[in-house]
Amino acid sequence: MPWPSRKRDKGAVADKKEPDAKIAKTEEETEDKEEEEKPTKPSAGGSKSGWKNWKKAKESDSGGEESKITYCHWLLKSEPESRLEKGVDVKFSIEDLKAQPNQTTFWDGVRNYQARNFLRAMKLGQQAFFYHSNCKEPGIVAIVKIVKEAYPDHTQFDQKDPHYDSSSRKENPKWSMVDVQFVRMTKRFIPLSEIKSHHLAHKADGGPLKNMMLFTRQRLSIQPLTKEEFDFVLSLEEEKPH
């Protein structure tokens, strides 16, 4: 029996802001509402210093040349805490992925066209952050890789699945999925609040996270990352948490 869906798209449910927050809205009810993030002020000088040190190191590695802006990495949101959707628990944590045969599974249930198009753009071997969302403390917990490129999502044809789509036809499927495999845990949990503090600083000083889709298109459960965004966020695992 396949695992429940790993998505929250038609407008993803907003991440919880406080430990006692409760999920009471369906996808349809949240579709026209933007996710609201708690204001997070970067520590004085901390993020800028981190960005400048990171930039200096990257310029040293690349001879000072800036990389072209392309999306070659990804961020995949998944819910680590139980939540029923049409009677089915859509929980899927990093521990659930690690428990799968060969630590591999299909990433099904995406029902947002932009997120679907991102799935279809994924290439074999590309890496993605596994992001725990809609939980007490959202953030990045692990790295996964794409081991099978986009193919039809079988759940769109399953009437018992919460993401069944009666308008999709097998001769021309609307929805796609990819297969992902666990690579490793990040050296530490990288919380949303910390990433946002850098994003706010980078908006002011032109750092790599200034346009990060995690903050410009918060509701999408599948998000592309540039190499610069991926590398900077990954570098945070080496730092002490704020």
Side-chain angles (χ1 to χ4, degrees), residues 2-8 12 15 47 50-51 53-55 57-58 60-62 67 70-81 90-110 115 118-119 121-151 177-199 208-209 212-215 220-242:
W3 283 94
S5 167
R6 262 68 76 185
K7 64 99 228 152
R8 280 188 343 279
D15 284 324
S47 182
W51 151 231
N53 290 339
W54 176 87
K55 183 178 180 182
K58 295 302 288 184
S60 176
D61 292 341
S62 63
S67 303
T70 56
Y71 293 125
C72 51
H73 298 279
W74 309 93
L75 183 144
L76 307 179
K77 291 185 178 183
S78 191
E79 300 186 30
E81 298 177 359
V90 296
K91 168 188 176 293
F92 194 82
S93 69
I94 190 61
E95 296 304 321
D96 291 321
L97 174 60
K98 290 167 68 176
Q100 293 294 291
N102 203 29
Q103 298 185 317
T104 301
T105 192
F106 45 80
W107 204 271
D108 63 309
V110 171
F118 288 145
L119 279 175
M122 292 176 176
K123 301 300 180 185
L124 201 66
Q126 289 182 337
Q127 292 191 336
F129 287 127
F130 193 108
Y131 178 98
H132 277 172
S133 185
N134 194 29
C135 55
K136 293 179 181 178
E137 188 171 19
I140 293 167
V141 295
I143 297 172
V144 300
K145 66 179 179 180
I146 310 305
V147 293
K148 185 175 181 179
E149 294 180 7
Y151 62 103
M177 62 185 182
V178 298
D179 287 0
V180 302
Q181 184 178 49
F182 174 76
V183 174
R184 68 173 176 87
M185 301 295 291
T186 47
K187 294 179 181 178
R188 68 176 178 91
F189 173 69
I190 306 174
L192 172 66
S193 58
E194 182 179 341
I195 301 170
K196 184 170 185 179
S197 71
H198 290 287
H199 162 69
L209 303 191
M212 190 176 184
M213 203 169 288
L214 185 59
F215 306 102
L220 287 175
S221 67
I222 307 291
Q223 301 179 0
L225 297 170
T226 63
K227 183 179 186 299
E228 290 76 17
E229 289 170 340
F230 183 87
D231 287 349
F232 183 87
V233 173
L234 190 60
S235 74
L236 298 179
E237 69 175 353
E238 302 290 350
E239 298 183 6
K240 292 182 179 180
H242 292 174

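The chain is numbered in sequence order, starting from 1.
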Heavy-atom donor-acceptor pair, [X] side chain to [Y] backbone, under 3.5 Å:
X      : Y      : result
Glu194 : Pro191 : no
His132 : Ile94  : yes
Gln126 : Ile146 : no
Thr186 : Val141 : yes

Side chains of Thr105 and Phe92 in contact at under 4.5 Å (non-hydrogen atoms): yes
Heavy-atom side-chain contact between Val180 and Thr104 under 4.5 Å: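 They are not in side-chain contact.
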From Leu234 atom CG to Lys187 atom NZ, the distance as rounded to the nearest 0.5 Å: 8.0 Å
Value rounded to 0.5 Å, distance of CD in Glu149 from NZ in Lys123: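 Here the rounded value is 5.0 Å.
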Aromatic ring pairing Phe130/Trp107, orientation class (parallel under 30°, perpendicular over 60°, tilted between):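 Phe130 and Trp107: perpendicular rings.
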Looking at residues at least two apart in the chain, or sitting in another chain, which of them share a side chain to side chain contact (heavy atoms under 4.5 Å, CB included) with [X]?
X      : result
Tyr151 : Phe106, Lys148, Met177, Asp179
Ala150 : Arg120, Ser176, Val178
Val183 : Gln127, Ile143, Lys145

Residues forming a ring pair (Phe, Tyr, Trp, His ring centres under 6.0 Å) with Phe118, sequence neighbours excluded: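 Phe118 satisfies ring pair (Phe, Tyr, Trp, His ring centres under 6.0 Å) with no other residue.
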All salt bridge (Lys or Arg N to Asp or Glu O under 4.0 Å) counterparts of Lys98, not counting sequence neighbours: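 If we apply the salt bridge (Lys or Arg N to Asp or Glu O under 4.0 Å) test to Lys98, skipping adjacent residues, the hits are Glu95.
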Salt bridge (Lys or Arg N to Asp or Glu O under 4.0 Å) against Glu237, all qualifying residues, sequence neighbours excluded: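 Residues passing salt bridge (Lys or Arg N to Asp or Glu O under 4.0 Å) with Glu237: Arg184.
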Evaluation steps, side-chain contact (heavy atoms from CB on, under 4.5 Å), between Leu214 and Leu209: CA-CA 9 Å; Leu214 185 59; Leu209 303 191; over 6 Å; no
Worked verdict on Tyr71 versus Met213 for side-chain contact (heavy atoms from CB on, under 4.5 Å): CA-CA 11 Å; Tyr71 293 125; Met213 203 169 288; 4.1 Å; yes
